[in-house]
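Each chain gets a letter, A, B and so on, in the order its sequence line appears, and its residues count up from 1. Heavy-atom basis, side chains included; hydrogens, waters and symmetry copies ignored.
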Amino acid sequence: MAAHSYKRAIIDAVSGEGSQSEMAGEVAGGDSISFYRNSDTFIDMCVGPHVPHTGHLGHFKLMSVAGAYWRGDEKQPMLQRIYGTAWASKKELKEHLVRLEEAEKRDHRRLAKELDLLSFPAALGGGLAVWHPKGGIIRKQIEDYSRQRHLDGDYKFVYTPNLASGKLFETSGHLDFYADGMYPPMEMDNGTYYPKPMNCPMHCLIFDSRQRSYRELPLRLFELGAVYRYERAGTLHGLLRIRGFTQDDSHIYCTEEQLPNEIASLLDFVISVLKAFGFEDFDFRLSTRDPEKSVGSDEMWDLATEALREGLERHGLEYRVDEGDGAFYGPKIDIDVTDAIGRSWQLSTIQADFNSPERFDLEYVAPDGQRKRPVMLHRALLGSVERFFGVLIEHYAGAFPAWLAPVQVIVLPVAEDHQAYAAEVVGHLAEVGFRVESVAANDPLGKRIRNAKLQKVPYILVVGADDVANDTVGVNVRGSEGGPERDVPLQQFAGRLAKDVEQRT
RNA sequence: GCCCGGAUAGCUCAGUCGGCAGAGCGUCUCACUCGUAAUGAGAAGGUCGCGAGUUCAAUUCUCGCUCCGGGCUCCA
């Protein structure tokens, strides 16, 4: 109890005559207060339960210490918390520790370094990354795929700048609601400018650039847009929490009547795109209005919330409702994916917005010639390309499928005599568009195999005298249990790789 | 932002109770020419994160800053 002066304070406050402190009121308002005694010297006021005595903890290991705000409120003092893990048996404890080690091996920050994908140089500043060639080619594959899907989905590609006048963010409401998350303004000769924290205000300007007809709706504007948001220093975490990132962002302008259909087809689109990246399990969350932190009429909110709900229900999707978790301008559906080791990541978001069209005074001409207000949907599928890549690295543990792998094939000549043939194989595969490298026989074959495996290359081809004679290759498939496949005709291998790439497996 | 911890070679890390710093891996050179997860020998490689202070002397002690890690809080 001596170590829990705050609990002492609660008890004093509760027992103190006429005390009206918040804590006292809160505790005294409950049905009862429970105490647990684990030894003569450790008595804890706690809702419990506690184990009868520490012997029941079984096999444990202390893991870390960290600060934690009293009652989870950052305005309150900070306490020291000691974290440990306890298991019934030594075996289970050990298994848990092994699981932690495995998770650490897929940490995207570690793999990004090991696989030379990207880095976070201190000289660049916190929460900012530079992409190296191998990370860059993967990113290009991701973005190219996204662009292709959006082309197919009748999205219109737009580009907008990284800075905008403060007036734009006054109009959009961001300066009112989100100034803390925006970078400080730049004063220039003709006004005040901010790095953009969102793309939507600019897309609204594009909509508003001329008179719009109902015939144009839904108008789907798409951009891989870089945004900058101030994240507090202690919250930064590799690619998963970063200060500059790129959204696969779209704003869809449609009529109120089109909204349910548009949401329904969006849900299909999201799921289909995420599945291409190897995700199979999805969780849906519907977030509703927080009256304290929102704008717009109840009518608008109800309409938008119902449209989202209808979209989910039309698909028969199970979803959870997060009351009060909506954006300031509207309700949303967030989509979480489950990765290869069962962890959940929030990626996609679909947000209804009746507010921005109002603020930007957007209109279209209806069939009857009347001017009407469009409805707007914000949506991102990957969310942030940077964050998505971080999740993808962890999902695949760095072993990217062939269509994403920075190097798809490494060709290893058994000895110097086979070098010329290895170069031929490389030339042939490169010519048809594969990313392929060769490593000369300066080191023993075993070592070169090992290095290629550590780089998680999908296919390692070994070529020796037999292969030179017969136009074949020895194929090592990443992760295969059996030994290498010998004497595979080169054309046959090329066909197999092409199929992998095409099917994104 | 807050609490605790950290920053030494390209990477992983040891070390200096204050006296111009080390290993393994990697890199480079030479030899080896090898059929499936580490060939051998040699060499190069460091403003000991940045800035101030104390000291005859600071990578080491003190202070400030930057960046990183584990949490907390926050995340349109």
Next on the checklist: Base, sugar-phosphate or nothing for A:Lys75? Non-hydrogen atoms, less than 4.0 Å.
Outcome noted: nothing

Checklist entry - So what does A:Asp466 hit on the nucleic acid, given a heavy-atom distance under 4.0 Å: a base, only sugar-phosphate, or nothing? => result base

Checklist entry - How would you label the contact of A:Ala452 with the nucleic acid (heavy atoms, under 4.0 Å): base, sugar-phosphate, or nothing? => result nothing

Checklist entry - Do A:His251 and A:Glu223 have side-chain N/O donor and acceptor atoms under 3.5 Å apart? => result no

Item to check | A:Leu454, nearest nucleotide to its side chain (from B:rU12, B:rA37, B:rC72) | outcome: B:rA37

Checklist entry - At under 4.0 Å between heavy atoms, what does A:Gly464 touch on the DNA or RNA strands: base, sugar-phosphate, or nothing? => result base

Checklist entry - RNA chain B: A:Gly181 or A:Arg486, which has the more 5' nearest nucleotide? => result A:Arg486

Next on the checklist: Once hydrogens and angles are ignored, does a donor-acceptor distance under 3.5 Å link the base of B:rG1 to the side chain of A:Tyr230?
Outcome noted: no

Next on the checklist: Can you tell whether the side chains of A:Arg309 and A:Glu306 come within less than 4.0 Å, N to carboxylate O?
Outcome noted: yes

Checklist entry - At under 4.0 Å between heavy atoms, what does A:Tyr329 touch on the DNA or RNA strands: base, sugar-phosphate, or nothing? => result sugar-phosphate

Next on the checklist: Angle between ring planes, A:Phe328 versus A:His174, binned at 30° and 60°: parallel, tilted or perpendicular?
Outcome noted: perpendicular

Next on the checklist: Measuring to OP1 and OP2 of B:rG26, would you say a side-chain N or O of A:Lys447 lies under 4.0 angstrom away?
Outcome noted: yes

Item to check | Integer angstrom distance from the C1' of B:rG10 to that of B:rU27 | outcome: 8 Å

Next on the checklist: Heavy atoms only, 4.0 Å cut-off, all strands: where does A:Phe177 land among base, sugar-phosphate and nothing?
Outcome noted: nothing

Checklist entry - From the list B:rG1, B:rG35, B:rC72, which nucleotide is the closest neighbour of the side chain of A:Leu445? => result B:rG35

Next on the checklist: Ignoring hydrogens and geometry beyond distance, is a side-chain donor-acceptor pair present between A:Thr246 and A:Arg139 at under 3.5 Å?
Outcome noted: yes

Checklist entry - Of the nucleotides B:rA37, B:rC34, B:rC4, which one has an atom closest to the side chain of A:Arg450? => result B:rA37

Checklist entry - Between A:His378 and A:Thr349, does any side-chain donor sit less than 3.5 Å from a side-chain acceptor? => result no

Checklist entry - Expressed as a whole number of Å, how far does the C1' atom of B:rA44 sit from that of B:rC28? => result 7 Å

Item to check | Between B:rA7 and B:rC61 - P atom distance, rounded Å | outcome: 10 Å

Checklist entry - P atom, B:rA9 versus B:rC30: distance in rounded Å? => result 28 Å

Next on the checklist: Parallel, tilted or perpendicular: which one describes the rings of A:His237 and A:His108, with boundaries at 30° and 60°?
Outcome noted: tilted

Checklist outcome for this item: Per nearest nucleotide of RNA chain B, the residue lying toward the 5' end, A:Phe120 or A:Met182, is A:Phe120

Checklist entry - How are the rings of A:His150 and A:Phe222 set to each other: parallel, tilted or perpendicular (split at 30° and 60°)? => result parallel

Next on the checklist: Heavy atoms only, 4.0 Å cut-off, all strands: where does A:Ala122 land among base, sugar-phosphate and nothing?
Outcome noted: sugar-phosphate

Next on the checklist: Work out how far the C1' atom of B:rG40 is from that of B:rA21, and round it to whole angstrom.
Outcome noted: 28 Å

Checklist entry - With a non-hydrogen cut-off below 4.0 angstrom, is A:Asp443 in contact with a base, only sugar-phosphate, or nothing? => result base

Checklist entry - Given A:Val475, which of A:Val409, A:Ile460, A:Leu461 fulfils the side-chain contact (heavy atoms from CB on, under 4.5 Å) condition? => result A:Leu461

Checklist entry - What does A:Gly234 touch in the nucleic acid at a heavy-atom separation under 4.0 angstrom: a base, only the sugar-phosphate, or nothing? => result base

Item to check | Whole-angstrom distance between B:rG18 and B:rG53, as gauged at atom C1' | outcome: 15 Å

Item to check | Closest listed nucleotide, where the reference is the side chain of A:Lys453 and the choices are B:rA37, B:rC4, B:rA38 | outcome: B:rA37

Checklist entry - Considering only side-chain heavy atoms of A:Glu74, which listed nucleotide, B:rG1, B:rC4, B:rC11, is closest? => result B:rG1

Checklist entry - To the nearest angstrom, how far is A:His237 atom NE2 from B:rG69 atom P? => result 7 Å

Next on the checklist: Less than 4.0 angstrom between a side-chain N/O of A:Arg109 and OP1 or OP2 of B:rG69, yes or no?
Outcome noted: yes

Next on the checklist: Counting the atoms with a prime plus P, OP1 and OP2 as sugar-phosphate, which does A:Asn442 contact under 4.0 Å by heavy atoms, base, sugar-phosphate, or nothing?
Outcome noted: base

Item to check | Atom-to-atom span, CD1 of A:Ile460 to C1' of B:rG35 - whole angstrom | outcome: 13 Å

Next on the checklist: Let's test your reading of the model: under 3.5 Å, does the base of B:rC75 pair with the side chain of A:Arg241 as donor and acceptor?
Outcome noted: yes

Next on the checklist: Can you tell me which nucleotide in B:rC72, B:rA37, B:rU12 comes closest to the side chain of A:Met78?
Outcome noted: B:rC72

Checklist entry - For the base of B:rU36, is there a side-chain donor-acceptor partner from A:Asn476 under 3.5 Å away? => result yes

Next on the checklist: Is there, by distance only and without an angle test, a donor paired with an acceptor across the side chain of A:Arg232 and the base of B:rU73 below 3.5 Å?
Outcome noted: yes

Checklist entry - Expressed in whole Å, how much space separates the C1' atoms belonging to B:rA23 and B:rC48? => result 16 Å

Checklist entry - Which part of the nucleic acid, if any, lies within contact of A:Gly483, taking any heavy atom under 4.0 Å across all strands shown: a base, the sugar-phosphate backbone alone, or nothing? => result nothing

Checklist entry - Looking at the side chain of A:Tyr83, which of B:rU33, B:rC72, B:rG35 is the nearest nucleotide? => result B:rC72

